[in-house]
Amino acid sequence: MRHEISPWVLALAGASSAVYGQEAPTLATVSVTAKGYAADDLETPIATTAVDRDQILRRGASNPGEALRGEPGLAVASDGVQGQNPVIRGLKKESVVLLVDGMRLNSAQPAGAIASFMSVGLAERIEVVKGPASVLYGTGALGGAINVRLPQARFTPGIGFNAATSYDTASHGVRGTGVMNVSSDDHALMLGASLARIGDYQAPTGEVARTGFASDSVIGQYRFRIDHAQQLRASLQRHTDTDVWYPGSTKPHANTAVVGSTTVHSPRQERNLFEVGYSRKGTGEQPLNVDVRLYRQDVERLIWSYAEKLGRDVGQTRVTFATDGVDAKADWLAHPQHLLSFGLNAWRMGASPDRYLASPTPASPLVRNLPFSDGRLSALGYYLQDDMRFGKLNLLAGLRHDTVKGDAASINNGAVTTGLARSDSATTGSLGAILEASPLLRPYANLSQAFRAGEMRERFEASPRGDGYHYLGNPQIRPEVATQFEIGLKGGSDKVSYSASAYRSRINDYITGQPTGTFQGGLPVKQTVNLGEVTLSGLEAQARWQYQRSQWVSVGYSRVLGENKDLNEPLFQVPADELSLGWEGAIAPGWTLDTTVRLVRQQDRVATAFARGSENATAGFATADLGATYRWNKQSLRIALKNLADKAYHEHLAEGVSGQEIKAPGRSLMLSWQGAF
């Protein structure tokens with residue numbers, strides 16, 4: 001039974017998720033992201049969600065946004081197929097910490113999705129912590145954290161290979177992945193590669209132009225076992241996207257007669273990461289586990305702005321966000337009732353965007369116009385967490401202190417060189433409790449805090465940009481502070497599992513980009529501002545039930561309400577209410593059939609004064625997917641119909657001119673295969 005597995009056994013054994021392409025050899029649903037080490041979700045007083053490799057492949061996902069769409073409490077903000085940013089409880093990309101194997105994926109995000117700068121086709125699992133998560137992850141985790149876990153080198157003797165491929169008719173998209181693991185004695189090597197070739201997809205209303213792109217990823221890791229307790233590792237990750245367009249960014253230019261509309265696109269964007277690490281697994285009655293890593297990550301982006309009438313780019317920006325970081329953490333069973341974890345995280349990111357804009361008129365040659373130069377952000381945080389067990393009661397308490405510093409050499413094309421430095425510090429904490437009244441009844445409650453200092457673009461952006469706005473950053477922007485209270489229930493057995501929660505979050509000094517209604521250089525101005533207070537409250541629930549042998553039904557529900565207290569109106573761009581229904585069952589030897597229905601309510605709770613007409617109500621919609629899977633040996637073949645009724649719709653958080661957002665893909669036949677050898 002799940003409830004018989006000790007959390008200490010899970011944590012100290014370093015239990016992991018499913019082996020690539022196979023069922024996990026454990027009875028518990030284990031999350032690494034929620035507590036910082038492997039722990040049973042049913043003994044964690046935090047709302048979490050996870051999708052495993054099989055679910056990712058079944059959904060035909062190319063990025064975390066696609067993989068998580070439809071999960072309770074989660075939504076997607078998109079400006080194109082590649083630009084799919086996960087949204088947690090109404091909080092978007094700047095308020096969500098994205099991790100790859102526990103390392104922050106740092107970059108400013110003016111267009112597209114930083115979450116797409118990796119191949120989810122290689123992922124073993126995506127774990128989500130919902131709600132403020134500053135204690136473990138520092139600045140930015142107001143909405144929560146998303147951790148994409150990639151394959152690791154394993155000490156499994158011999159050679160193992162896993163592969164998957166898929167094709168869909170809506171975009172004529174082809175995806176393929178392969179991972180090899182080689183191990184001998186004290187050496188283990190993992191190599192993986194993935195590619196995607198996606199064409200412009202078909203919506204019910206016709207082909208949606210500029211939605212295709214190409215992606216390539218390679219990963220590798222080498223591990224050396226010093227002895228039974230100690231290991232060294234070195235990891236490499238590289239991801240490249242080419243010919244990416246963001247059709248949701250298409251907007252009329254201020255000089256419509258000459259320019260028409262503009263669309264942001266990226267000829268090439270690339271992420272490279274190198275990590276070296278050391279780990280030690282403790283022994284004895286009070287084991288101490290230690291993990292230390294150093295990493296370097298470069299995210300390079302080419303962001304061009306294409307003018308339709310001119311037939312050329314009127315803006316070009318090349319920028320590399322280079323991050324150096326160190327993470328050190330340990331967990332120690334100090335007492336049979338206390339598992340202490342502690343650590344520090346430090347990183348420094350630098351960038352100097354090289355931007356060229358058509359000047360003095362849109363028809364003029366491109367002239368250098370730097371939004372800022374030598375921008376720098378650095379963060380240092382350290383934390384202490386106590387995981388306490390008192391019979392059937394589990395308490396989780398944490399405390400963290402962070403300092404974030406920002407500075408730049410100049411902004412506004414060198415015109416401003418003073419007043420650019422700012423340092424912010426914050427102490428945040430969390431306290432949660434969960435009681436095992438019975439395996440199927442585990443009430444929990446938590447009170448948590450998080451903070452977010454302004455990111456680089458919000459601080460230093462001071463120039464026209466290709467989307468038709470003149471942006472004014474604020475080097476002295478105050479950090480946001482979020483406080484959330486949540487109550488919920490969890491439970492699980494071999495035949496049923498469920499979770500439900502209600503929460504309310506208050507964010508002070510909420511950072512956002514607000515249209516001002518003014519113009520500069522003929523362009524509308526968008527200013528980085530602090531709002532006094534916003535609130536987010538919501539309900540979410542999910543359940544899965546085996547009502548008879550090999551027959552499962554599932555349900556999920558989420559509702560979030562946001563309020564801008566300053567303007568006494570709904571918060572800008574909050575996801576619509578959603579209900580999902582699913583069934584999966586065996587229909588013949590080796591064959592299973594599954595169906596999923598999404599019911600999304602009309603979203604008419606929109607901002608008016610704040611948005612100045614840039615957010616419109618979105619009609620409700622319903623979609624259905626149907627799939628069949630055949631499994632044999634360690635292989636599976638799947639055929640699925642997505643958007644079965646060819647429904648024309650768009651998500652409320654789809655970017656675009658209000659009322660002209662691009663439609664989602666129409667009916668699509670997807671074929672996929674995966675196997676392990």
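This one's a predicted model, so the numbers in the text were calculated from it and none came from an experiment.
- Ring orientation note: the planes of Y222 and H187 are close to parallel, at an angle under 30° on the 30°/60° scale.
- Taking both residues in full, the closest heavy atoms of N446 and I46 are given as ND2-CA, 4.1 Å, listed atom of the first, atom of the second, then distance.
- Counted by atom type alone, R280 and Q231 present zero donor-acceptor pairs between their side chains at under 3.5 Å.
- Cation-pi geometry between R225 and F155 is met: the NZ or CZ atom falls under 6.0 Å from the ring centre, inside 45° of the normal.
- To the nearest 0.5 Å, atom CE of residue M103 and atom CZ of residue R293 are 4.5 Å apart.
- For the atom pair CD1 of I487 and OG of S501, the computed distance is 9.0 Å after rounding to the nearest 0.5 Å.
- E461 places no side-chain N or O within 3.5 Å of a backbone atom of P371 that could act as its donor or acceptor partner.
- Of the candidates R348, R376, R296, D324 forms a salt bridge (charged side-chain N to carboxylate O under 4.0 Å, His left out) with just one, namely R296.
- Distance check: Q286 CD to L333 CG gives 7.0 Å after rounding to the nearest 0.5 Å.
- Between the side chain of S134 and the main chain of F451, a donor-acceptor pair closer than 3.5 Å is present.
- Here the side chain of R89 pairs no donor or acceptor atom with the backbone of G143 at under 3.5 angstrom.
- Between the side chain of E458 and the main chain of E455, a donor-acceptor pair closer than 3.5 Å is present.
- At a cut-off of 3.5 Å, with distance as the only test, a side-chain donor of S235 or E275 sits close to an acceptor on the other residue.
- No more than 12 heavy atoms of other residues, nucleotides or ligands lie within 6.0 Å of CZ in R318, so this atom counts as exposed by the packing criterion.
- Checked by atom type, the side-chain pair T49/K130 shows a donor-acceptor distance below 3.5 Å.
- Interatomic distance, CZ of R422 versus CG of L377, reported as 12.5 Å (0.5 Å rounding).
- Looking only at distances, a side-chain donor or acceptor of R104 sits under 3.5 Å from a matching main-chain atom of Y137.
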(message) As a quick check of understanding, evaluate side chain to side chain contact (heavy atoms under 4.5 Å, CB included) for L98 and V96, giving each step before the final call.
(response) CA-CA 6 Å; L98 182 70; V96 173; 5.6 Å; no
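- Q221 and Q152 are linked by a side-chain donor-acceptor pair at a separation below 3.5 angstrom, with hydrogens and angles left out of the test.
- The residue from D509, N564, N508 that alone fulfils the side-chain contact (heavy atoms from CB on, under 4.5 Å) condition with E533 is N508.
- Taking both residues in full, the closest heavy atoms of I88 and A145 are given as CD1-N, 4.1 Å, listed atom of the first, atom of the second, then distance.
- Checked by atom type, the side-chain pair E486/Y444 shows a donor-acceptor distance below 3.5 Å.
- With values rounded to the nearest 0.5 angstrom, D407 atom CG is found 6.0 Å from F460 atom CZ.
- Q476 places a side-chain N or O within donor-acceptor distance of the main-chain N or O of A421, the cut-off being under 3.5 Å.
- Residues T48 and S31 have side chains that never bring a donor and an acceptor to within less than 3.5 angstrom of each other.
- For the residue pair E270 and N272, a side-chain donor N or O sits within less than 3.5 Å of a side-chain acceptor on the partner.
- For the residue pair D402 / T139, no side-chain donor-acceptor distance below 3.5 Å is found, with atom types taken as modelled.
- Checking side-chain atoms of Q55 against main-chain N and O of D52 turns up a donor-acceptor pair under 3.5 Å.
- Between the side chains of S410 and S373, at least one donor N or O sits under 3.5 Å from an acceptor N or O.
- Proximity of a side-chain donor or acceptor of K93 to a complementary backbone N or O of P86 within less than 3.5 Å is not detected.
- By the 6.0 Å and 45° rule, R400 does not stack over the aromatic ring of Y382.
- Partner Y37 forms a side-chain contact (heavy atoms from CB on, under 4.5 Å) with one of L339, N289, V30 and no other, that one being L339.
- Under a cutoff of 6.0 Å and an axis angle of 45°, K329 and F342 do not form a cation-pi pair.
- For the residue pair T33 and N147, a side-chain donor N or O sits within less than 3.5 Å of a side-chain acceptor on the partner.
- Judged purely by distance below 3.5 Å, without hydrogens or angles, the side chains of S505 and Q484 never pair a donor atom with an acceptor atom.
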